[in-house]
Structures are given as C-alpha cells and as structure tokens.
Amino acid sequence: MSAASLLFSFSVHVGVSHPKMSAKSSSCCLLNQPWNHLKSKIPFGHSGVSEKSKPSHKGDEILMRAGALQVESAPSFSMGQKFQLDDVIEAQQFDRETLNAIFEVARSMESIENNSSRSQMLKGYLMATLFYEPSTRTRLSFESAMKRLGGDVLTTENAREFSSAAKGETLEDTIRTVEGYSDIIVMRHFESGAARRAAATASIPVINAGDGPGQHPTQALLDVYTIEQEIGKLDGIRVGLVGDLANGRTVRSLAYLLAKYQDVKIYFVSPNVVKMKDDIKDYLTSKGVKWEESADLMEVASKCDVVYQTRIQKERFGEKTDLYEAARGKYIVNQDVLKVMQKHAVVMHPLPRLDEITVDVDSDPRAAYFRQAKNGLYIRMALLKVLLLGW
C-alpha cells in the first residue's frame with residue numbers, strides 16, 4: 001500500500017455544516033476543546049503533536065447529508081505525527097515519506113484538473129493571498145488551485161503598498177486580522193523569516209509563497225515533483241544550479257529537498273558576486289550530499305540530469321547596479337548548451353526568465369520549464385487539500 005493510501009486509513013473527517021465551525025471533541029478526545037485553538041509546545045519542524053490541531057472541516061458527503069458528526073480518530077504515533085502538516089514554511093520540514101505522499105496527492109489532482117466538471121472539495125473555504133512582493137505565476141497558480149477545488153479567494157497583490165502595512169501595521173496584526181476572514185493564508189513577503197512569524201501568529205494554516213532571499217518551499221516541491229516526472233527518479237541524479245544562487249530562494253529550497261535523496265550531486269555555477277551561500281553548502285555537507293562549484297557551464301551541463309537556470313535578480317542588488325551588470329548575462333542556456341546535454345536531461349527554470357535562456361530553446365523537448373510551471377498547480381492543489389481537509 002502506498003504512503004498516501006495508508007494515510008487515508010488513519011483519517012476520519014469531521015462532517016460539519018460550515019468550515020468556520022470548530023469541531024468539539026467528545027469527552028474522550030483531546031481535552032474537549034476546539035481543535036483549531038490547540039497548540040503544542042513542540043517547536044516547528046519537530047516530530048510530535050502538531051502546533052495547530054485544526055479540524056478536518058469537510059467530511060464525507062454522505063455523512064454530511066445524514067447530519068452525522070464524526071470526530072477524527074487519533075492516528076497512530078508512527079503515522080499521524082510523521083505526516084502532520086499544519087503550515088508550509090521551509091523545505092527542511094519535509095522528509096522523503098511526506099514528499100512521496102504529497103506527490104501522490106498531486107497526481108490525483110492532475111485527474112481532477114483534467115476533468116471538465118469542477119471539484120467541490122473545498123467549497124465553502126476561503127484562501128487569502130497576501131503578497132508583499134510582485135508575483136504572477138505563484139499567486140495565480142494558488143488562486144487557480146483553490147478555485148479548481150471549489151474554494152474562493154481573497155487577494156491582495158501588492159500588500160506592501162496598498163495594505164495597512166503602508167500605514168505601519170505590524171505583520172502580526174495583519175495576520176490576526178486576515179485569519180478572521182479566511183481559512184488559509186498564502187503569503188509572499190520581502191523579509192526572510194516573515195512566513196515563520198506569520199505561522200507562529202496564525203491559528204489557521206500559513207503557506208510561505210517566498211520570503212525575500214529566504215525560501216520558496218512550494219516552488220521546491222513542484223521542482224522535485226517535476227524532476228521525478230521528467231527523469232523518472234530522484235536518487236542518483238546530478239543537478240546543476242545556475243545563476244543567482246546567493247539571492248535565489250528557489251535554489252536554496254531545492255537544495256534542502258535534494259538532500260533528502262541518495263547519491264545526489266549538486267553543481268553550483270554562478271558569477272562570483274552571487275555564489276551559493278555557506279549555510280547551504282554546510283547543510284549539504286552535513287547530510288553527506290556531494291557538491292561542487294564550477295565556472296564552466298558547458299562542462300556541468302554535459303554531466304547533469306537537470307540544468308536548473310535562474311535569473312540574476314536585479315531587485316536584490318539595490319543601488320549596486322555595477323555588480324548586477326557584472327553578473328548578468330554570464331551564463332546563458334542556448335543551443336550550444338543543449339548540444340552538450342544528455343538526451344534524457346532537462347532544462348528547468350522557476351520563471352520569469354529574462355535573457356538567461358534563449359527563446360529557441362523552448363522548442364526542444366528537454367525544455368521543461370513550462371511543464372514545471374503547470375506542475376505547480378497540482379502541487380498547490382495537493383497542499384490546499386491536505387492542509388484544509390487532512391490526508
């Protein structure tokens with residue numbers, strides 16, 4: 001039995017009339033308190049009782065029709081606690097089994113998305129997208145994911161300028177307010193660590209959609225999912241991370257997830273001013289992951305299963321435009337790079353791209369970046385389902 005299938009055997013969802021109603025446990029269950037206000041003392045990222053023990057609001061449709069109210073039975077220690085998912089904040093929080101389970105749910109979401117009749121799985125739920133930095137793909141894919149599962153969306157595209165943050169409101173106060181209007185918050189912020197602060201404040205799930213130069217865990221999840229889809233395996237792969245590695249939250253998060261797999265080697269290819277930071281290198285070394293820095297993109301491309309290109313992020317340089325110009329355009333994936341790549345290898349990019357991948361690469365079947373972007377929909381549908389309904 002697969003990991004995700006096994007998980008479902010431990011879960012009985014709560015059937016209630018509206019997602020904002022808190023399920024009360026019986027006298028024999030969990031302190032007889034509303035689940036969405038229970039928090040444990042276990043630090044984020046550790047095994048143990050969840051920080052936010054929230055109700056599984058949507059039960060089986062038949063149970064709902066019958067008016068039955070069933071409280072979620074306590075899962076076994078080995079399964080329920082390992083797979084507890086309350087927030088998505090950083091890549092390190094996932095282990096291989098959890099990743100496999102999320103990917104299985106994502107594959108089931110592909111069939112839902114391909115079905116012409118829209119799912120009503122999340123009907124009655126509201127997702128707030130709170131974006132303090134510009135975004136197109138991430139915000140729209142989350143909103144599409146929610147709507148394709150029957151939920152609704154409250155959105156703020158430029159919260160940094162057009163929300164109460166411009167008046168000086170703290171992030172914590174904003175989160176406390178927004179959680180009163182919604183069931184889940186998806187947030188992008190310009191400060192590293194902001195998502196962790198939001199999750200510590202909120203009693204509803206929080207998803208980190210990118211926090212400054214910190215992390216972008218849902219991008220990393222979709223990246224690993226794409227690699228598995230395209231290459232057919234995750235153990236034993238060779239990955240070249242190219243471009244702005246110092247400021248690239250996508251490559252940082254991806255490195256953390258790749259460290260979960262066996263016999264992986266990562267090549268770092270970047271201009272000197274945007275080399276991968278030591279914290280990632282030290283982490284990989286501590287996990288026994290081989291890594292190597294190189295200035296030769298052609299040589300690295302010839303060895304790798306994945307060439308993961310990123311743009312040089314001008315917005316991270318501030319007034320140091322001379323350093324940006326020195327880094328920009330140094331490494332470009334073009335037809336010459338494709339010629340040395342292996343037939344099975346793929347080119348990936350978190351998008352948007354500027355000139356770091358030439359447009360004539362798009363027609364090559366090894367150009368996986370638009371398929372990669374589509375996979376983001378399935379991963380985010382899966383995360384919304386798991387965070388709001390449970391496994």
**OP:** Establish, from distance only, whether the side-chain atoms of Gln215 and Gln92 form a donor-acceptor pair under 3.5 Å.
**Re:** yes
Subject >> Ile237 side chain reached by Val264 side chain, heavy atoms, under 4.5 Å >> reply: yes
**OP:** Identify the two heavy atoms, one from Ile89 and one from Pro217, that lie closest to each other, and give their separation to 0.1 Å.
**Re:** O-CG, 3.6 Å
Subject >> Side-chain heavy atoms of Val242 within contact of Leu297, under 4.5 Å >> reply: yes
Original post:
Are Leu85 and Ile207 joined in one hydrophobic group, where the rule is that I, L, V, M, F, W and Y side chains link up if heavy atoms are under 4.5 Å apart?
Top reply: yes
Subject >> Gap between atom CG of Asp95 and atom CD of Glu97 - 0.5 Å precision >> reply: 5.5 Å
**OP:** Please assess Tyr308 against Val251 for the test side chain to side chain contact (heavy atoms under 4.5 Å, CB included), listing each intermediate value before the final yes or no.
**Re:** CA-CA 8 Å; Tyr308 191 101; Val251 288; 3.8 Å; yes
**OP:** For a salt bridge (charged side-chain N to carboxylate O under 4.0 Å, His left out) with Glu113, tell me which candidate from Lys147, Lys374, Arg107 qualifies.
**Re:** Lys374
**OP:** Examine the side chains of Glu299 and Ser294 and answer whether a donor and an acceptor come within less than 3.5 Å of each other.
**Re:** no
Which donor-acceptor pairs under 3.5 Å do the side chains of residues 337-352 make with protein atoms, sequence neighbours left out?
| residue | atom | partner | partner atom | Å |
| --- | --- | --- | --- | --- |
| Gln342 | NE2 | Lys303 | O | 3.3 |
| Gln342 | NE2 | Cys304 | O | 3.4 |
| His344 | NE2 | Asp305 | OD1 | 2.5 |
| His349 | ND1 | Leu351 | N | 2.7 |
| His349 | NE2 | Glu356 | OE2 | 2.6 |

Original post:
Taking atom OG1 of Thr174 and atom CD of Glu169, what is their separation to the nearest 0.5 Å?
Top reply: 3.5 Å
Original post:
Are Val361 and Val300 in one and the same hydrophobic cluster, where Ile, Leu, Val, Met, Phe, Trp and Tyr link if side-chain heavy atoms are under 4.5 Å apart?
Top reply: yes
Original post:
Would you find a donor on one side and an acceptor on the other, under 3.5 Å apart, between the side chain of Gln309 and the backbone of Tyr331?
Top reply: yes
**OP:** State plainly whether one hydrophobic cluster holds both Val88 and Leu149, where clusters connect Ile, Leu, Val, Met, Phe, Trp and Tyr through side-chain heavy atoms under 4.5 angstrom apart.
**Re:** yes
Subject >> Under 3.5 Å donor-acceptor, Thr98 side chain and Phe94 backbone >> reply: no
Subject >> Side chain proximity check, Gln335 to Asp360, heavy atoms < 4.5 angstrom >> reply: yes
**OP:** Please check if Val186 and Tyr378 belong to a single hydrophobic cluster, counting links between Ile, Leu, Val, Met, Phe, Trp and Tyr side chain heavy atoms closer than 4.5 Å.
**Re:** yes
**OP:** Please determine, by modelled atom types, if Ser141 and Arg137 share a side-chain donor-acceptor pair under 3.5 angstrom.
**Re:** no
Subject >> Side chain Asn247, main chain Pro213, donor-acceptor under 3.5 Å >> reply: no
Subject >> Minimum side-chain heavy-atom gap Leu122-Leu389 below 4.5 Å >> reply: yes
Original post:
CD1 of Ile357 to CD1 of Ile332: how many Å apart, nearest 0.5 Å?
Top reply: 10.5 Å
**OP:** Please step through side chain to side chain contact (heavy atoms under 4.5 Å, CB included) for the pair Tyr256 and Glu90, ending with a clear verdict.
**Re:** CA-CA 9 Å; Tyr256 279 123; Glu90 60 186 10; over 6 Å; no
**OP:** Check whether any side-chain N or O of Arg96 sits under 3.5 Å from a backbone N or O of Tyr261 as a donor-acceptor pair, and report yes or no.
**Re:** no
**OP:** Taking atom types as modelled, find out whether Thr201 and Glu172 have a side-chain donor-acceptor pair closer than 3.5 angstrom.
**Re:** no
Original post:
So, Asp263 side chain and Asp235 main chain: donor-acceptor pair closer than 3.5 Å or not?
Top reply: no
**OP:** For residues Leu384 and Ile184, report the shortest heavy-atom separation together with the two atoms involved.
**Re:** CD2-CD1, 3.7 Å
**OP:** Ignoring hydrogens and angles, tell me if any N or O in the side chain of Asp244 forms a donor-acceptor pair with the backbone of Ile312 under 3.5 Å.
**Re:** no
Subject >> Connected via hydrophobic side-chain network under 4.5 Å: Phe370 and Val307 >> reply: yes
Subject >> Close side-chain approach of Glu143 and Met127, heavy atoms under 4.5 Å >> reply: yes
**OP:** Kindly give the heavy-atom pair with the smallest separation between Asp183 and Ile204, and that separation in Å.
**Re:** O-CB, 3.5 Å
Subject >> Heavy-atom pair with the smallest gap, counting every atom of Ser270 and Val274 >> reply: OG-O, 3.5 Å
Subject >> Chi angles and distances behind the side chain to side chain contact (heavy atoms under 4.5 Å, CB included) call for Ile112, Arg148 >> reply: CA-CA 8 Å; Ile112 289 177; Arg148 286 183 182 277; 5.8 Å; no
Original post:
In Å, rounded to the nearest 0.5 Å, how long is the span from CZ of Arg196 to CG of Asp87?
Top reply: 10.0 Å
**OP:** I would like to know whether Val289 and Leu258 meet side chain to side chain contact (heavy atoms under 4.5 Å, CB included); could you show each step before the answer?
**Re:** CA-CA 9 Å; Val289 178; Leu258 290 175; over 6 Å; no
Original post:
Roughly how far apart are Leu130 CG and Leu154 CG, rounded to 0.5 Å?
Top reply: 10.5 Å
Original post:
For the residue pair Tyr132 and Phe190, does the interplanar ring angle fall in the parallel (under 30°), tilted (30 to 60°) or perpendicular (over 60°) class?
Top reply: perpendicular
Original post:
With a 4.5 Å limit on heavy-atom distance, are the side chains of Leu171 and Glu191 in contact?
Top reply: no
**OP:** List the atom of Thr226, the atom of Gln372, and the distance in Å for their closest heavy-atom pair.
**Re:** OG1-CA, 3.6 Å
**OP:** Taking atom types as modelled, find out whether Gln219 and Ser253 have a side-chain donor-acceptor pair closer than 3.5 angstrom.
**Re:** no
**OP:** Specify the closest pair of heavy atoms between Val206 and Ala195, including all atoms of both residues, with the distance to one decimal.
**Re:** CG1-O, 4.3 Å
Original post:
Are Val239 and Val306 close enough that some pair of their side-chain heavy atoms sits under 4.5 Å apart?
Top reply: yes
Original post:
How many angstroms lie between OH in Tyr125 and NZ in Lys385, if you round to the nearest 0.5 Å?
Top reply: 10.5 Å
Original post:
So, is the end of the Arg188 side chain (NZ or CZ) under 6.0 Å from the ring centre of Phe131 and within 45° of the ring's axis?
Top reply: no
When the side chains of residues 279-288 are checked against the rest of the protein, which donor-acceptor pairs come out under 3.5 Å, sequence neighbours left out?
| residue | atom | partner | partner atom | Å |
| --- | --- | --- | --- | --- |
| Asp279 | OD1 | Arg252 | NH1 | 3.1 |
| Asp279 | OD2 | Arg252 | NH1 | 3.4 |
| Asp279 | OD2 | Arg252 | NH2 | 2.6 |
| Lys281 | NZ | Met276 | O | 3.3 |
| Lys281 | NZ | Glu293 | OE2 | 2.7 |
| Thr285 | OG1 | Lys281 | O | 2.9 |
| Thr285 | OG1 | Trp291 | NE1 | 2.9 |
| Ser286 | OG | Tyr283 | O | 2.6 |

Original post:
Would you say Asn208 and His189 make side-chain contact, with heavy atoms under 4.5 Å?
Top reply: no
